[in-house]
Enquirer: 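My questions will all concern the structure given below.
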Amino acid sequence: PQAGIWPDPNCRGITVGEMRHQIYCSLAFGAKGLVYYVWSAAAGHTQGLTKNGEPTYLYKYAQECNLFIKKIEKDLLADVSLGVLVSGGTPGRMPKYALAENCGDIKEVNGAHVLTGVFENEAGFHYLVVNNSITEKEVVTVEFKTARKRLIVLADREFEEENRELRLTLDIGDCAFIKEV
């Protein structure tokens with residue numbers, strides 16, 4: 001996705017929520033890596049770096065996302081994508097996949113705008129739950145079939161949970177990684 005900070009009235013810079021949305025939705029759909037291109041035109045139009053090589057706010061947004069990805073990268077690289085679950089409305093047309101019996105311990109995900117990537121590897125099932133809104137915070141409820149120990153990784157903290165229901169508030173475009181342990 002293109003994100004620029006040039007002063008063209010037909011373009012605008014994206015918010016941190018929109019940056020998170022672009023990146024985390026890509027990961028939920030099974031992306032294994034991200035590439036950032038940084039360029040500067042002779043007129044001074046820039047993206048992540050100024051023409052003097054100094055970071056712009058877009059650089060800082062991408063850096064924030066990268067720090068979260070670093071926490072979960074070993075699992076993401078080992079994971080096989082089993083599909084995507086969509087709850088509520090979406091910003092655009094997306095396929096809706098039915099939750100199959102082999103999608104781990106997840107029973108249901110509820111929220112007005114939630115996209116959940118379902119993954120599996122030798123260690124078990126993982127879920128990347130993304131606030132699929134670029135304008136609103138989202139309260140997400142994830143219901144599991146059993147009370148099993150899970151690690152929940154957020155941008156600012158990690159915690160373990162052993163209940164059948166998990167309730168999270170995700171900022172615009174933000175996500176939570178849920179790992180069965």
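Residues: numbered from 1 along the sequence shown.
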Enquirer: Using only atom types and a distance under 3.5 Å, with no angle test, would you say the side chain of Ser87 pairs donor to acceptor with the backbone of Gly111?
Expert: yes
Enquirer: Are Ile152 and Val139 connected in a single hydrophobic cluster, I mean Ile/Leu/Val/Met/Phe/Trp/Tyr linked by side-chain heavy atoms less than 4.5 Å apart?
Expert: no
Enquirer: Would you sort out whether Glu180 and Tyr127 count as a side-chain hydrogen bond (donor to acceptor under 3.5 Å, both in side chains), showing the intermediate values?
Expert: CA-CA 9 Å; Glu180 296 180 1; Tyr127 313 99; 2.9 Å; yes
Enquirer: Flag the pair Glu143 and Lys107 as a salt bridge only when some basic side-chain nitrogen lies within less than 4.0 angstrom of an acidic carboxylate oxygen.
Expert: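 Counted as a salt bridge, because a side-chain N and a carboxylate O are separated by less than 4.0 Å.
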Enquirer: Give a yes or no on whether the backbone of Asn163 and the side-chain of Arg150 come within a donor-acceptor separation of less than 3.5 Å.
Expert: yes
Enquirer: Would you find a donor on one side and an acceptor on the other, under 3.5 Å apart, between the side chain of Arg20 and the backbone of Ile172?
Expert: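 Yes, because the side chain of Arg20 sits within donor-acceptor range (under 3.5 Å) of the backbone of Ile172.
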Enquirer: Apply side-chain contact (heavy atoms from CB on, under 4.5 Å) to His126 and Asn121, showing your working.
Expert: CA-CA 8 Å; His126 306 130; Asn121 70 30; 3.2 Å; yes
Enquirer: Parallel, tilted or perpendicular for Tyr57 and Tyr61, by the 30°/60° rule?
Expert: perpendicular
Enquirer: Step through the shown structure and confirm whether more than 12 heavy atoms of other residues, nucleotides or ligands are within 6.0 Å of NZ on Lys32.
Expert: yes
Enquirer: Could you pull out the closest heavy-atom pair between Leu128 and Cys175, with the gap in Å?
Expert: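 Scanning both residues completely, I find the closest heavy atoms to be CD1-SG, 3.8 Å.
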Enquirer: Assess the residue pair His21 and Asn132 against the criterion (side-chain hydrogen bond (donor to acceptor under 3.5 Å, both in side chains)); give the C-alpha distance rounded to whole Å, side-chain angles, the decisive distance to 0.1 Å, and a yes or no.
Expert: CA-CA 7 Å; His21 181 268; Asn132 198 23; 2.8 Å; yes
Enquirer: So which atom in Glu18 and which in Thr15 form the shortest heavy-atom distance, rounded to 0.1 Å?
Expert: OE1-N, 2.8 Å
Enquirer: Find the distance between CG (Leu77) and CD1 (Ile72) and round it off to the nearest 0.5 Å.
Expert: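 So the gap between those two atoms works out to 10.0 Å.
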Enquirer: What pair of heavy atoms forms the shortest contact from Val130 to Cys25, and how long is it?
Expert: CG1-SG, 4.0 Å
Enquirer: Quick check on side chain to side chain contact (heavy atoms under 4.5 Å, CB included): which of Val114, Leu115, Val118 does Val109 satisfy it with?
Expert: Val114
Enquirer: Strictly distance-based, threshold 3.5 Å: is any side-chain N or O of Lys71 a donor or acceptor partner for the main-chain N or O of Leu154?
Expert: yes
Enquirer: Say you draw a straight line from CZ of Arg167 to CD of Glu161; how long is it, rounded to the nearest 0.5 Å?
Expert: 13.0 Å
Enquirer: Angle class for the Tyr24/Phe68 ring planes (parallel below 30°, perpendicular above 60°, tilted otherwise)?
Expert: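 Taking Phe68 first and then Tyr24, their aromatic rings stand perpendicular (interplane angle over 60°).
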Enquirer: Under 4.5 Å between any side-chain heavy atoms of Thr116 and Val142, yes or no?
Expert: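 SC-SC contact between Thr116 and Val142 ruled out.
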Enquirer: Quick check: do Met19 and Glu64 have side-chain heavy atoms less than 4.5 Å from each other?
Expert: no
Enquirer: Which heavy atom in Gly30 sits nearest to a heavy atom in Ser81, and how many Å separate them?
Expert: CA-CB, 4.2 Å
Enquirer: Identify whether Val80 and Phe29 are in the same connected component of the hydrophobic contact network (ILVMFWY, side-chain heavy atoms under 4.5 Å).
Expert: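 No.
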Enquirer: Working to the nearest 0.5 angstrom, can you tell me the gap between Glu138 CD and Thr169 OG1?
Expert: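 Interatomic distance, Glu138 CD to Thr169 OG1, rounded to 0.5 Å: 9.0 Å.
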Enquirer: Whether the side chain of Asp105 engages the backbone of Phe144 through a donor-acceptor N/O pair (distance < 3.5 Å, no angle test) should be reported.
Expert: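 Flag not set: sc Asp105 to bb Phe144 has no pair under 3.5 Å.
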Enquirer: So do the side chains of Asn131 and Val140 get within less than 4.5 Å of each other, counting heavy atoms only?
Expert: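 The answer is no; the side chains never approach within 4.5 Å.
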Enquirer: If I take atom SG from residue Cys65 and atom CG from residue Leu27, how far apart are they, to the nearest 0.5 angstrom?
Expert: 9.0 Å
Enquirer: Rounded at 0.5 Å granularity, tell me how far CG in Asp171 sits from OG in Ser133.
Expert: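 Result: 10.0 Å between the selected atoms.
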Enquirer: Rounded to the nearest 0.5 Å, what separation is found between the CD1 atom of Ile106 and the CG atom of Leu166?
Expert: 9.5 Å
